[in-house]
Chemist: 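My structure is below; once you've seen it, I'll send some questions.
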Amino acid sequence: KENLLGRKIVEKDIEQTHFALGIKGVRFDDEKNDAMSLMSIILGMGMSSRLFQKVREELGLCYTIYSYPSGYRDTGTMIIYAGVNNDSFYPAYEAVKDVLKTFKGGVTDKEFERGKAQVLSSFAYGEESTASQMILYGKYLLFTGKVFDQDLKLSKINSIAKKDVDGLIDEMDFESFSAAAVTKKGTRIKF
């Protein structure tokens, strides 16, 4: 059974239910930060991710679903977001938790290689945007007090091994999370 660390439900005049789960992640400058990004890509970023394939494609329970990590100076989170039909909230919520349970078994070689290629290509595409570079350099300087080194970052990404991602997954507590939802007025949901 999950350990719900906190919850917030807001009712608004909207047609869908939007929910997010926040799971403890790693700090911005943690040595596991790149493995966290890779893990999140495999779990929920893109059409080949586990969450998208199971919750949207196989079960047809959501419009949108994805995950992303956020690192901060002292802590970090991994967020899972889904936008669902009001009647699909409970099945989608349970399906997300089921995907997290199976994720504990680690990632496949194919998932790892595809995810790593996606991290590297995202980094390369980010170099094309002045705004992305400004945010990256500024955030890195603010959080670490150091100047960002692109070559070092690429070296770190290239050195990630499958065992690093699997080890991080083993450390993650997917059963403890905070939850938030925005739902149509009159729709009763409970985490």
Side-chain angles (χ1 to χ4, degrees), residues 1-8 17-72 75-85 88-123 156-181 189-191:
K1 184 168 166 65
E2 75 267 5
N3 177 18
L4 196 57
L5 302 172
R7 73 175 185 157
K8 177 73 175 170
T17 294
H18 304 269
F19 72 92
L21 308 179
I23 301 163
K24 188 174 186 320
V26 299
R27 292 183 332 268
F28 179 79
D29 64 343
D30 192 292
E31 64 184 28
K32 298 174 187 166
N33 190 287
D34 294 317
M36 174 66 89
S37 294
L38 180 48
M39 179 193 76
S40 183
I41 282 173
I42 295 167
L43 178 63
M45 298 206 46
M47 295 189 310
S48 60
S49 70
R50 288 201 188 182
L51 286 168
F52 189 93
Q53 285 297 308
K54 182 69 174 183
V55 185
R56 180 183 162 110
E57 292 298 304
E58 183 182 325
L59 300 174
L61 294 173
C62 66
Y63 303 105
T64 305
I65 189 162
Y66 56 85
S67 67
Y68 62 93
S70 281
Y72 306 98
T75 189
T77 60
M78 187 183 71
I79 305 298
I80 298 171
Y81 162 82
V84 301
N85 178 298
S88 300
F89 167 75
Y90 286 110
Y93 175 60
E94 292 301 322
V96 167
K97 292 192 304 182
D98 287 345
V99 169
L100 290 173
K101 285 178 192 166
T102 63
F103 201 52
K104 272 301 204 179
V107 301
T108 67
D109 290 339
K110 184 177 180 181
E111 287 174 322
F112 174 76
E113 293 302 328
R114 185 179 58 237
K116 192 169 185 178
Q118 192 171 342
V119 169
L120 288 167
S121 65
S122 293
F123 185 74
K156 286 181 177 181
I157 294 170
N158 279 312
S159 70
I160 300 170
K162 182 179 175 297
K163 68 178 176 58
D164 300 325
V165 176
D166 288 342
L168 180 59
I169 291 170
D170 284 343
E171 292 175 21
M172 296 285 292
D173 184 359
F174 294 124
E175 293 181 1
S176 294
F177 53 82
S178 294
I189 63 171
K190 183 179 178 185
F191 287 104

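Computed over heavy atoms, backbone and side chain alike; hydrogens, waters and symmetry mates excluded.
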Chemist: With a 4.5 Å limit on heavy-atom distance, are the side chains of F174 and K101 in contact?
Modeler: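 A side-chain contact is absent here, since even the closest heavy-atom pair is not under 4.5 Å.
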Chemist: If we ignore hydrogens and angles and just use 3.5 Å, is the side chain of T64 paired with the main-chain N or O of A82 as donor and acceptor?
Modeler: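 Here the side-chain-to-backbone pair does not exist.
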Chemist: Are any of the side-chain nitrogens in E175 or K97 under 4.0 Å away from the carboxylate oxygens of its partner?
Modeler: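 Answer for the salt bridge query: no.
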Chemist: Just how far is it from atom OG1 of T108 to atom CZ of R50, taken to the nearest 0.5 Å?
Modeler: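 Reported value, rounded in 0.5 Å steps: 6.5 Å.
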Chemist: Begin from the C-alpha positions of D166 and V107 and carry the test side-chain contact (heavy atoms from CB on, under 4.5 Å) through to its verdict.
Modeler: CA-CA 7 Å; D166 288 342; V107 301; 3.5 Å; yes
Chemist: Do I79 and L21 touch side chain to side chain, with heavy atoms closer than 4.5 Å?
Modeler: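 No; the side chains remain at least 4.5 Å from each other.
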Chemist: Parallel under 30°, tilted from 30 to 60°, perpendicular over 60°: which one fits the rings of F177 and Y93?
Modeler: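 Ring orientation, 0 to 90° scale: perpendicular.
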Chemist: Roughly how far apart are I42 CD1 and E113 CD, rounded to 0.5 Å?
Modeler: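 The CD atom of E113 is 9.5 Å from CD1 of I42, to the nearest 0.5 Å.
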Chemist: Are E171 and K32 packed together at the side-chain level, in the sense that at least one heavy-atom pair is separated by less than 4.5 angstrom?
Modeler: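 They are in side-chain contact.
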Chemist: Under the salt bridge (Lys or Arg N to Asp or Glu O under 4.0 Å) test, which residues partner E58, sequence neighbours left out?
Modeler: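 Partners of E58 by the salt bridge (Lys or Arg N to Asp or Glu O under 4.0 Å) criterion, ordered by chain and then number, come out as K54.
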Chemist: Side chains of K116 and K162, heavy atoms from C-beta outward: is any pair under 4.5 Å?
Modeler: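 No, every pair of side-chain atoms sits at 4.5 Å or beyond.
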Chemist: Indicate the atoms forming the closest heavy-atom contact of P69 with S40, along with that distance.
Modeler: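 Answer, listing the atom of P69 first, then S40: CD-OG, 3.5 Å.
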Chemist: Is it true that, when you exclude K8 itself, more than 12 heavy atoms of the residues, nucleotides or ligands shown sit nearer than 6.0 Å to its NZ?
Modeler: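 Check fails, neighbour count at 12 or below.
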Chemist: Quick check for you: to the nearest 0.5 Å, what is the distance between Y68 atom OH and S37 atom OG?
Modeler: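 Going from the OH atom of Y68 to the OG atom of S37 covers 13.0 Å.
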Chemist: Is the distance between the ring centroids of F19 and F89 under 6.0 Å?
Modeler: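 Yes: the rings meet the under 6.0 Å criterion.
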Chemist: So how far is it from I41 CD1 to S122 OG, rounded to the nearest 0.5 Å?
Modeler: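 Here the rounded value is 5.5 Å.
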Chemist: Taking side chain as C-beta onward, heavy atoms only, is M172 less than 4.5 Å from K24?
Modeler: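 Side-chain contact under 4.5 Å: no.
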Chemist: Are any of the side-chain heavy atoms of L100 and L51 separated by less than 4.5 Å?
Modeler: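 The answer is no, as the side chains (C-beta and beyond) never meet within the 4.5 Å cut-off.
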Chemist: I need the minimum non-hydrogen distance between M45 and Q118, along with the two atoms involved.
Modeler: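 Closest pair (atom of M45, atom of Q118, distance): O-NE2, 3.7 Å.
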Chemist: Pairing donors with acceptors under 3.5 angstrom, does anything connect the side chains of R27 and T75?
Modeler: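 Side chains of R27 and T75: no pair found under 3.5 Å.
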Chemist: Please lay out, stage by stage, how I160 and V165 fare under the test side-chain contact (heavy atoms from CB on, under 4.5 Å).
Modeler: CA-CA 8 Å; I160 300 170; V165 176; 4.1 Å; yes
Chemist: Step by step, work out the side-chain contact (heavy atoms from CB on, under 4.5 Å) result for M39 and M78.
Modeler: CA-CA 10 Å; M39 179 193 76; M78 187 183 71; 3.5 Å; yes
Chemist: Check whether any side-chain N or O of Q53 sits under 3.5 Å from a backbone N or O of M47 as a donor-acceptor pair, and report yes or no.
Modeler: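 Yes, the answer is positive, given that a donor and an acceptor are paired below the 3.5 Å cut-off.
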Chemist: What distance separates I80 CD1 from I65 CD1, expressed to the nearest 0.5 Å?
Modeler: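 It comes to 7.0 Å.
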Chemist: Is it true that K156 and E31 make a salt bridge, defined as a side-chain N closer than 4.0 Å to a carboxylate O?
Modeler: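 Looking at E31 together with K156, the answer is no, because their closest N to O distance does not fall below 4.0 Å.
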Chemist: Does any part of the side chain of L43, heavy atoms only, come nearer than 4.5 Å to the side chain of V99, both counted from C-beta?
Modeler: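 A side-chain contact exists here, since the closest heavy-atom pair is under 4.5 Å.
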Chemist: Measuring from atom CG of D164 to atom CD1 of I169, what distance do you get when rounded to the nearest 0.5 angstrom?
Modeler: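 Answer rounded to 0.5 Å: 11.0 Å.
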Chemist: Do D173 and I23 make a side-chain contact, defined as non-hydrogen atoms from C-beta onward lying under 4.5 Å apart?
Modeler: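 With C-beta onward as the side chain, the pair stays apart.
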Chemist: Quick check, are the ring centers of Y72 and F28 under 6.0 angstrom apart?
Modeler: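 Ring centres of F28 and Y72 not closer than 6.0 Å.
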Chemist: Can you check whether A117's main-chain N or O pairs, donor with acceptor, with S121's side chain at less than 3.5 Å?
Modeler: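 Confirmed, S121 side chain pairs with A117 backbone.
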Chemist: Please report the closest heavy-atom contact between M36 and G25, naming both atoms and the distance.
Modeler: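 Heavy atoms of M36 and G25 come nearest at CE-CA, 3.3 Å.
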Chemist: Can S70 and T77 be counted as having a side-chain donor-acceptor contact under 3.5 angstrom?
Modeler: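 There is no such pair (donor and acceptor under 3.5 Å, judged by atom type) between the side chains of S70 and T77.
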